[in-house]
Protein chains: 2
Amino acid sequence: MNDAVDLLMTQWARERPDLDVWPMGIMGRISRLSRLLDRELKEFFAPHGLERWEFDVLATLRRSGPPYELTAGALNKAAMVTSGAITNRIDRMAARGLVERIPDSGDRRSVLVRLTERGLALVDEVLEPHVANEARLLASLDPRERDHLAAALRSLLASLGDTTLG
Amino acid sequence: MNDAVDLLMTQWARERPDLDVWPMGIMGRISRLSRLLDRELKEFFAPHGLERWEFDVLATLRRSGPPYELTAGALNKAAMVTSGAITNRIDRMAARGLVERIPDSGDRRSVLVRLTERGLALVDEVLEPHVANEARLLASLDPRERDHLAAALRSLLASLGDTTLG
DNA sequence: GTTGATAATCTCAACGTTGAAATAACAGCA
DNA sequence: TGCTGTTATTTCAACGTTGAGATTATCAAC
């Protein structure tokens, strides 16, 4: 089965036969997959009244365990966005009552962001169907392929230095 | 070697042992890789005076072959963005003299976007080092791993219906 | 205890995308 | 020829992020 990147590479082979564009076979696919999958997740979360970035923040706090709080800095590293973006996200989510800002008694420069009861209930309600939806999107891979794919991606991520969540 | 997604999945295993979150091992990695690689490409193009989206448009036109022109619609499908984004991109690139708008004599609703000499020269100058930079980013994978990874990603992309460039 | 360097967050203007509405042109057909 | 439905592009306000600077707090060394 061919995909859009095969077509793209065929075009390069014709136009620039002097170049071996093999890296595009991986880079191009990661980029296109990321866009396609983002769209799917957006569609999934919309009926739940959530933006994807909101779910990401909720999930990051949820999986950190009780008391479901992290500093703003930890959140922005986990989300791979800038500090300005996290301030903005926390503002909006606090306005919706999903998280609350708590002063960090240990370090007054820091702000702790804590899941409210409402935020906790929402993420726990959405989590299982979300994972099921992700499984649906990956259903074309059999279990062996999944493991190999995850392993290859892990090795690439680690080689690029992505070894901590913040 | 572990990566950030291993940590994330460990947290879920502790907090929600009832759920098998295996899909995150693939979805999370594609998402994080896409961000990391985007940053790297941005850094690569900056010294060449190019934004990543500019290079994408130039490359799409270049690989389509002489006369290096495509409709605005073909460009927005290839770039996976909306029509509004493409109008904006063409405006800016035309202002920089990298592309020009040509009326489509066959269909007056369409606009053909054509690489200028300057745009052609620029993309041909940047292409080889760009591919070399991509190869550097993927250098941790040996040739067999590359092929397997590309094949798994192709199969996933194709299963999601990404089989044409526009 | 003051100084200087570092760190965490917030602020805000610039940027680019989205999504929907507007405009213009095509195609088929009565 | 005149309708009707569809397609291609542009327009534009709303949205969220970036990137840099401002603010406030910490820490180590003097």
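In the text below, chain A, chain B and the rest are named by the order of the sequence lines, each starting its count at 1. All values below were derived from every heavy atom in this structure, side-chain atoms included, with hydrogens, water molecules and symmetry-related copies excluded. Remember, it's a predicted structure, so these values are computed and weren't measured experimentally.
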Can you build the contact string for nucleotides 1-7 of chain C? Use B for base contact, S for sugar-phosphate-only contact, and - for no protein heavy atom under 4.0 Å.
------B

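A salt bridge links Glu15(A) with Arg62(B): at least one charged nitrogen is closer than 4.0 Å to a carboxylate oxygen. The pair Arg109(B)-Asp104(B) fails the salt-bridge criterion, with no side-chain N (NZ, NE, NH1 or NH2) lying under 4.0 Å from an Asp/Glu carboxylate O. The residues Asp147(B) and Arg154(B) are annotated as not salt-bridged, no charged nitrogen and carboxylate oxygen being separated by less than 4.0 angstrom. Salt bridge Glu40(A)/Arg136(A): present, at least one basic N to carboxylate O contact under 4.0 Å.
Not a single donor-acceptor pair under 3.5 Å links the side chain of Thr71(B) to the backbone N or O of Leu112(B). A side-chain donor-acceptor contact under 3.5 Å links Thr60(A) to the backbone of Asp56(A).
Atom-to-atom, CG of Asn76(B) to C1' of dT11(D) comes out at 15 Å; the value is rounded to the nearest Å. Atoms CE (Met80(B)) and P (dT18(C)) sit 11 Å apart, rounded to a whole Å. In this structure, Glu43(A) places its CD atom 14 Å from P of dT18(C), rounding to the nearest Å. Distance Asp107(B) CG to dT7(D) P: 12 Å, rounded to the nearest Å.
The side chain of Arg108(B) contributes no N or O atom lying less than 4.0 Å from OP1 or OP2 of dA8(D).
Residue-level contact check: Arg101(A) touches the backbone only, with heavy atoms under 4.0 Å from sugar-phosphate atoms and none from bases. Residue Asp104(A) is classed as having no contact, given no heavy-atom separation below 4.0 Å to the nucleic acid. At a threshold of 4.0 angstrom between heavy atoms, the contacts of Thr87(B) include nucleobase atoms, whether or not backbone atoms are also involved.
Distance check: His148(A) NE2 to Glu145(B) CD gives 11.0 Å after rounding to the nearest 0.5 Å. Between atom CG of residue Asp3(B) and atom OG1 of residue Thr164(A) there is a gap of 10.5 Å, rounded to the nearest 0.5 Å.
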Show me the protein contacts with nucleotides 13-17 of chain D, counting only N or O atoms at under 3.5 Å.
from, atom 1, to, atom 2, distance (Å)
dG16(D), OP2, Arg92(A), NH1, 2.0
dG16(D), OP2, Arg92(A), NH2, 2.8
dT17(D), OP1, Arg89(A), NE, 3.0
dT17(D), OP1, Arg89(A), NH2, 2.5

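Contact annotation: side chain of Ser110(B) to base of dT7(D), donor-acceptor pair absent below 3.5 Å.
Atom CZ of Arg144(A) is surrounded by 12 or fewer heavy atoms from other residues, nucleotides or ligands within 6.0 Å.
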